[in-house]
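No hydrogens, no waters, no symmetry mates; every other heavy atom, side chains included, goes into these values.
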Amino acid sequence: MPDQDSKIDHYVLEYRKTNFEGAPRAKEDQPWMVIEGIKGTEYTLSGLRFDMKYMNFRVRACNKAVAGDFSEPVTLETRAFMFRLDASTCHQNLRVEELSVEWDATGGKVQDVKAREKDGKGRTASPANSPAR
């Protein structure tokens with residue numbers, strides 16, 4: 001971090017996707033994406049996707065006249081947590097399909113449950129089957 005009386009005006013952050021673990025390779029297929037004009041020493045990069053396993057980052061400080069050298073690149077992993085929702089056990093107002101989940105304020109499952117109760121295939125009085133669960 002620079003001293004308080006430093007002449008640093010802003011920072012430039014560059015990042016790129018890669019599929020390689022460890023140190024960045026000399027020849028990468030992906031171009032560096034550039035974010036300029038960062039005024040602080042912290043920055044939140046939003047909009048990242050979990051389509052690549054690793055990402056390379058590097059930063060450099062700039063004053064009004066010149067830009068310094070880039071830092072040594074750092075490689076970070078962008079792990080994704082995979083899970084599935086079960087349509088038969090989820091909340092009654094959730095409509096779960098193969099690749100989507102939608103909130104149904106009318107409680108779409110309530111009509112299904114009532115129809116099954118008419119056929120004698122409804123829920124029992126067990127607390128495990130309670131809608132509040």
- line: To the nearest 0.5 Å, atom CG of Asn63 lies from atom CG of Asp9 at 7.5 Å
- prompt: CZ/Arg95 to CD/Glu102 distance, rounded to the nearest 0.5 angstrom?
  reply: 5.5 Å
task: Treat each ILVMFWY residue as a node, draw an edge where side-chain heavy atoms are under 4.5 Å apart, and state whether Met33 and Met55 are in one component.
output: yes
query: Given side chains that start at C-beta, do those of Trp103 and Leu94 come closer than 4.5 Å, heavy atoms only?
result: yes
query: Is there a chain of hydrophobic side chains (I, L, V, M, F, W, Y, each step under 4.5 Å between heavy atoms) that links Ile35 to Phe57?
result: yes
- request: Examine Val12 and Val74 and state if one hydrophobic cluster contains both, with Ile, Leu, Val, Met, Phe, Trp and Tyr joined whenever side-chain heavy atoms are less than 4.5 Å apart.
  value: no
message: According to a hydrophobic-cluster definition based on side-chain heavy atoms being under 4.5 Å apart (Ile, Leu, Val, Met, Phe, Trp, Tyr only), do Ile38 and Phe70 belong together?
response: no
- prompt: Between the main-chain N or O of Asp104 and the side-chain N or O of Asn93, is there a donor-acceptor pair closer than 3.5 Å?
  reply: yes
- request: Decide whether Val34 and Tyr11 are clustered together by the hydrophobic rule: side chain heavy atoms of Ile, Leu, Val, Met, Phe, Trp, Tyr closer than 4.5 Å, transitively.
  value: no
field: Heavy-atom pair of closest approach, residues Arg60 and Asp69
entry: CB-O, 3.4 Å
